[in-house]
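Everything on this sheet refers to the single structure shown next.
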There are 2 protein chains.
Amino acid sequence: MTAARTTASAPGSRPGLRERKKLKTRIAIREATYRLIEDQGYEATTVEQIAEAAEVSASTVFRYFPTKEDIVLTDEYDPLLEQELRARPADEPIVESLRLVLRRAVNLGFTEEPEVSRLRTRLMIEVPAVRSRLLESMSVTGRMLCRVIAERTGRDAGELEVRVFAMGLIAALTETAAYWAEHDHRDDLGELVDRSLTMLAAGFAPGGEAP
Amino acid sequence: MTAARTTASAPGSRPGLRERKKLKTRIAIREATYRLIEDQGYEATTVEQIAEAAEVSASTVFRYFPTKEDIVLTDEYDPLLEQELRARPADEPIVESLRLVLRRAVNLGFTEEPEVSRLRTRLMIEVPAVRSRLLESMSVTGRMLCRVIAERTGRDAGELEVRVFAMGLIAALTETAAYWAEHDHRDDLGELVDRSLTMLAAGFAPGGEAP
DNA sequence: CCATGAAATGAGAGTAGCTGTCAAAAGGTA
DNA sequence: TACCTTTTGACAGCTACTCTCATTTCATGG
């Protein structure tokens with residue numbers, strides 16, 4: 001605690017060799033995983049194979065990713081999303097903020113590496129373990145949304161209504177992604193998100209008004 | 001295929017000894033699991049311990065329940081819920097149907113074995129594996145809701161809007177249960193459900209109107 | 001009441017994900 | 001160069017879960 005931190009160098013200064021190497025192995029592991037999974041499927045790919053392909057030991061793989069599913073699913077987009085949401089005007093309805101932010105994300109981030117998001121969503125509907133892990137990550141994103149909502153509306157982030165609202169939203173968006181994957185990614189994801197949010201905003205009823 | 005089925009006796013006739021025994025072991029396994037978990041926690045309880053306590057072999061445990069989490073979570077309430085929902089008038093808003101059906105379920109079913117629902121919801125927020133399994137079961141219940149909605153509104157159960165709506169609802173209710181457990185089951189679950197559904201019906205915004 | 005067929009069980013071996021420990025190697029600092 | 005910290009690899013170990021096969025238990029037709 002009192003000793004000087006050697007890692008986590010000051011922001012701005014170029015990260016040391018150690019940090020760069022860490023990032024490289026992290027990427028190596030993930031890319032090896034993607035390659036192997038596309039080749040032989042998820043279940044057939046063992047962590048040892050991944051370790052070998054990434055030229056590290058199996059222990060190292062588990063040091064970088066707590067579970068095998070995390071190798072596929074870990075996304076560091078949550079803080080980015082939070083930042084973008086906070087940048088929106090506070091009087092804008094959250095559903096609208098989400099609509100704008102997500103549309104941009106789909107148009108930019110997703111098309112940067114479209115194969116990856118396709119692989120992810122495909123695995124999400126095909127491999128139970130991956131789906132589980134993804135559903136779990138929903139609650140993390142949900143809590144993030146709670147914070148944003150709380151800040152905007154002045155309510156408590158732990159309030160029932162806020163939490164229920166946030167989780168409902170996140171689940172709706174996840175289901176939208178699932179729909180996209182189940183239809184072989186034929187539709188435009190941005191449009192699907194739009195439709196979903198429109199429905200939710202129109203009173204949370206599948207017909208626009210309550211049936 | 002051509003041979004006569006010995007099991008699955010005709011509905012109405014009393015099930016044979018085999019069926020009764022099967023049900024008994026199923027219950028024995030589940031009760032042994034509950035007991036052990038309350039004693040020593042979820043992770044510390046191994047399947048072998050459960051098998052021993054239930055006086056069966058470990059293989060048998062896995063024959064009855066595909067995973068350890070299923071022993072805790074398997075609920076056969078989905079078909080019941082579906083039946084109750086279908087029994088409601090078709091022109092009633094689904095949110096209202098859910099409100100009524102769930103309130104009755106909370107008042108009847110849950111208070112029949114309140115310790116079990118408390119244990120379940122507690123594990124749901126404490127044990128990641130259980131939470132995962134429960135989230136997965138959400139999608140099953142979600143599909144059921146899709147069917148009910150589709151039948152009522154004449155739309156397709158696979159339609160984006162229907163699916164998104166259903167999953168949003170289920171997730172919202174699950175979050176309500178989580179909230180209940182996190183607050184040590186102090187609140188009245190029925191009231192919490194009421195509040196959640198009211199918010200959703202009022203336009204899917206945590207304030208009643210869009211913030 | 002017994003013989004035959006089917007289903008349920010137990011025992012055991014095997015796989016793979018994941019955890020923990022410990023010593024060696026690599027990176028950073030003085 | 002010497003020293004300390006972090007990262008890594010090798011290994012052992014646990015447990016959930018699968019598969020196979022022999023044995024027992026139940027149902028049924030003669």
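Bear in mind that the values here come from a model prediction, so they are computed numbers and not experimental data. Chain letters run A, B, ... following the sequence lines, proteins first and then strands; every chain starts at 1.
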Close N or O pairs between protein and nucleotides 19-23 of chain C (under 3.5 Å):
none

B/Y64 side-chain N/O to C/dT9 phosphate OP1/OP2 under 4.0 Å: yes
Cation-aromatic face contact A/K22/A/Y64, 6.0 Å, 45 degrees: no
Salt bridge (Lys or Arg N to Asp or Glu O under 4.0 Å) partners for A/R26, two or more places apart: none
Interatomic distance where CG belongs to B/D70 and C1' belongs to D/dC17 [whole Å]: 12 Å
Side-chain (B/W180) to main-chain (B/D187) donor-acceptor, under 3.5 angstrom: yes
Gap between atoms NZ and P, on B/K22 and D/dC26 respectively (whole Å): 13 Å
Any donor-acceptor N/O pair, B/T60 side chain to B/V56 backbone, under 3.5 Å: no
Atom pairs, N/O to N/O, protein against nucleotides 22-25 of chain D, distance under 3.5 Å?
from   : atom 1 : to    : atom 2 : distance (Å)
D/dT25 : O2     : B/R18 : NH2    : 2.9

Residue B/E55 excluded, over 12 heavy atoms near CD under 6.0 Å: no
Value in whole Å for how far the C1' atom of C/dA16 lies from OH of A/Y42: 12 Å
Closest to the A/T60 side chain, choosing from C/dG17, D/dC17, D/dG9: D/dG9
Backbone of B/G158 reached by a side-chain donor or acceptor of B/D156 within 3.5 Å: yes
B/T45 backbone acceptor or donor facing B/K68 side chain under 3.5 Å: yes
Rounded distance (Å) that lies between atom C1' of D/dT18 and atom NZ of B/K68: 17 Å
Of residues 43-58 of chain A, the positions that come close to DNA chain C - non-hydrogen atoms, cut-off under 4.0 Å: A/T45, A/T46, A/V47
Close residues, residues 30-40 of chain B, relative to DNA chain D [heavy-atom separation under 4.0 Å]: none
Neighbour count above 12 (heavy atom, 6.0 Å) for B/E48 CD: no
Residues A/T198 and A/R99: side-chain donor-acceptor under 3.5 angstrom: yes
Any pair counted as side-chain hydrogen bond (donor to acceptor under 3.5 Å, both in side chains), so long as it reaches residues 138-149 of chain A, sequence neighbours left out: A/D78-A/T141, A/E82-A/R147
Basic-acidic side-chain contact under 4.0 Å: A/R104, A/E84: yes
Atom CD of A/E52: over 12 foreign heavy atoms under 6.0 Å: no
Atom pair CD (B/E69) and OH (B/Y42), whose distance is rounded to the nearest 0.5 Å: 3.5 Å
Selection from C/dC18, D/dA16, D/dG9 that lies nearest to any side-chain heavy atom of A/E69: C/dC18
